[in-house]
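Worksheet for the structure shown next.
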Amino acid sequence: MKDTDYTFAVARVRANETRLLTSAELSSLTSAPGYAECARRLREKGYEIEGADYNAALEKKLADMWALISDVMPDPSQFNSILIKNDFHNLKVSVKALFTEKDPAPLFARPCVYAPEEIRANVFARENAKLPVELQHADRSAYRILSKTGFAQLADTVIDRASMEHAISIAKTADHPILLQLAETDAALTGIKVLYRCIRAGKAKSFMERAVCVCDAYDKKDIVAAADEGAEAFLEFVRHTDYAPGADALLESPAAYEKYADDVRIGLLSAGKSDPFGIAALVGYYHAVRAEVLDLRILLSGKLNGLPDDTVRERMRRLYV
Amino acid sequence: MDLGVFFIVLGAVLAAGLSGMGSAKGTSLVGQAAAGVVSEDPSKFGKVLILQVLPATQGLYGLLIAILTLSFTGIMGSGGVAYTWQQGLAFFAADLPMAIVGYFSAVQQAKAAAAGVGIVAKKPNESGKAITFAALVETYAILALLVSVLALNGLTTLFGK
């Protein structure tokens with residue numbers, strides 16, 4: 001693939017970036033008096049929000065974003081290292097739905113590499129071999145854990161770890177280094193978050209080892225050993241990695257850490273923002289739309305439930321535009 | 001045909017050919033970026049068209065050098081001229097600045113212009129800056145054109161033809 005194959009795609013995405021909300025617009029929305037006013041302003045920006053149901057409008061925004069990206073990408077499979085996480089999420093909700101007997105469809109994440117309905121059907125029929133190869137091992141492990149122990153958290157952990165490992169392994173075969181950087185960053189940030197949660201919940205070292213995936217940012221054995229020593233040793237360990245500010249964010253609150261992690265991802269993408277020929281602008285746009293949708297979900301849910309503006313603002317992410 | 005004339009024609013062909021290739025490649029690249037923007041916002045057609053035209057000039061400069069070469073040497077028009085291989089090689093060398101710089105400056109200018117299309121897409125009011133960035137690359141194509149013209153002129157005078 002030539003380094004200029006994304007010229008058309010990047011230009012189309014650039015033109016679409018002008019339709020994303022800016023930080024100032026989001027801030028103004030946060031200060032808007034009530035849900036109705038927020039919804040009205042968002043309708044002016046193209047969101048088709050009807051009444052109190054904002055989910056359909058947000059899902060449509062995500063679907064439109066993926067329709068654009070898959071339309072302009074010379075090879076949409078280059079995005080698989082990003083999308084595969086949604087497939088693992090769909091696997092997770094499907095396996096859990098087997099035991100809770102609830103329909104997982106409303107929880108499906110899109111866009112994804114494989115049709116969520118097929119994943120659900122194969123999970124429900126226990127046709128492990130018919131699942132995509134990447135998902136088979138995680139499905140078997142999670143099902144075994146849930147059926148034998150009912151330990152949902154461990155099942156989640158096993159699937160999340162497999163998700164990150166596959167994202168890294170797919171990104172390694174992709175043509176663009178930014179995808180591997182993103183997958184590695186994601187694995188590192190998630191590993192830190194999960195281990196800190198394990199410490200707070202008093203989890204055993206064996207659980208921690210199953211929860212963390214190998215990544216370039218730190219040695220898995222060392223970070224698990226630090227976590228096993230306790231919160232102080234663990235945070236000190238984190239302070240000596242590239243994610244040092246994450247230690248303070250962890251101490252502050254889980255929401256603060258989530259915000260920090262998103263900021264790191266957006267920061268990584270912003271570095272490739274000026275490249276008019278590479279995939280970075282497309283990846284950036286993908287994450288920007290997702291971040292915008294996530295922010296609006298937090299904002300609209302907060303407005304509907306009468307949460308204070310400051311609480312809503314604290315949970316919102318840094319935007320890419 | 002003697003070897004001198006062969007070198008002269010080769011120089012003219014390379015000046016027009018390489019510069020033309022660079023321009024074709026460049027305008028195609030900027031065209032792709034421009035099409036991306038116009039497909040979302042047709043009102044920006046005029047602004048992105050200016051950026052697309054910028055890398056086209058090298059092809060014209062190359063053509064000019066080819067015509068001057070063939071005209072100064074008398075190959076185009078009167079005909080029946082003869083040059084030693086050393087004289088032919090000197091004319092060939094005179095064409096090289098335009099041929100080489102023409103190709104590379106067109107491609108590089110196209111990259112700057114395609115990046116500029118991104119500026120126009122997001123901030124249409126800043127299109128003047130985008131055009132300036134790309135236009136600066138033109139300087140080196142103009143310098144190469146100048147060198148080739150001066151060299152052709154000097155050689156014509158030197159060989160008294």
Side-chain angles (χ1 to χ4, degrees), chain A residues 1-25 45-46 61 63-76 78 178 266 269-289 292 319-321, chain B residues 21-56 103-127 129-137:
Chain A
M1 182 165 286
K2 285 181 291 181
D3 62 346
T4 51
D5 278 355
Y6 284 85
T7 311
F8 174 78
V10 172
R12 266 193 81 175
V13 160
R14 290 266 185 271
N16 274 279
E17 278 176 6
T18 55
R19 290 168 203 155
L20 289 172
L21 294 173
T22 62
S23 299
E25 283 171 327
K45 292 289 290 180
K61 180 81 178 178
D64 288 349
M65 171 270 289
W66 182 242
L68 171 71
I69 291 178
S70 54
D71 183 35
V72 297
M73 282 272 290
D75 174 14
Q78 291 291 318
I178 183 79
I266 292 283
L269 293 169
S270 297
K273 202 174 168 183
S274 54
D275 180 7
F277 308 112
I279 198 173
L282 277 74
V283 178
Y285 182 67
Y286 173 88
H287 282 281
V289 174
E292 181 176 304
L319 292 178
Y320 170 76
V321 289
Chain B
M21 275 166 61
S23 284
K25 207 171 165 178
T27 46
S28 155
L29 185 70
V30 187
Q32 288 175 51
V37 172
V38 173
S39 63
E40 295 293 335
D41 185 357
S43 70
K44 292 188 176 122
F45 174 74
K47 283 176 176 165
V48 293
L49 184 67
I50 297 169
L51 286 162
Q52 194 193 0
V53 165
L54 285 174
Y103 176 81
F104 286 106
S105 67
V107 172
Q108 296 307 319
Q109 189 175 38
K111 289 185 176 176
V117 169
I119 298 178
V120 174
K122 291 191 82 172
K123 294 174 181 170
N125 294 336
E126 306 290 341
S127 64
K129 289 174 185 163
I131 293 167
T132 307
F133 293 142
L136 281 175
V137 185

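Proteins get letters first, then strands, A, B, ... in listed order; numbering begins at 1 in each. No hydrogens, no waters, no symmetry mates; every other heavy atom, side chains included, goes into these values. Since this is a predicted model, take the numbers as computed values, not measurements.
Atom CZ of A/R12 is separated from atom CD of B/E40 by 4.5 Å, given to the nearest 0.5 angstrom. In this structure, NZ in B/K122 is found 8.0 Å from CG in A/L20, a value given to the nearest 0.5 Å.
Heavy-atom pairs under 4.5 Å with chain A were tallied for B/A34, B/A115, B/G31, B/G116; the largest tally goes to B/A115.
Within a 6.0 Å sphere centred on NZ of A/K45, other residues, nucleotides and ligands contribute more than 12 heavy atoms. Within 6.0 Å of NZ on B/K25 lie no more than 12 heavy atoms contributed by other residues, nucleotides or ligands.
Across B/A121 and A/R14, no two heavy atoms sit closer than the pair CB-CB, 3.9 Å. When all heavy atoms of A/A11 and B/V117 are compared, the closest pair comes out as CB-CG1, 4.5 Å. Considering all non-hydrogen atoms of both residues, B/A114 and A/F277 come closest at CB-CE2, 3.6 Å.
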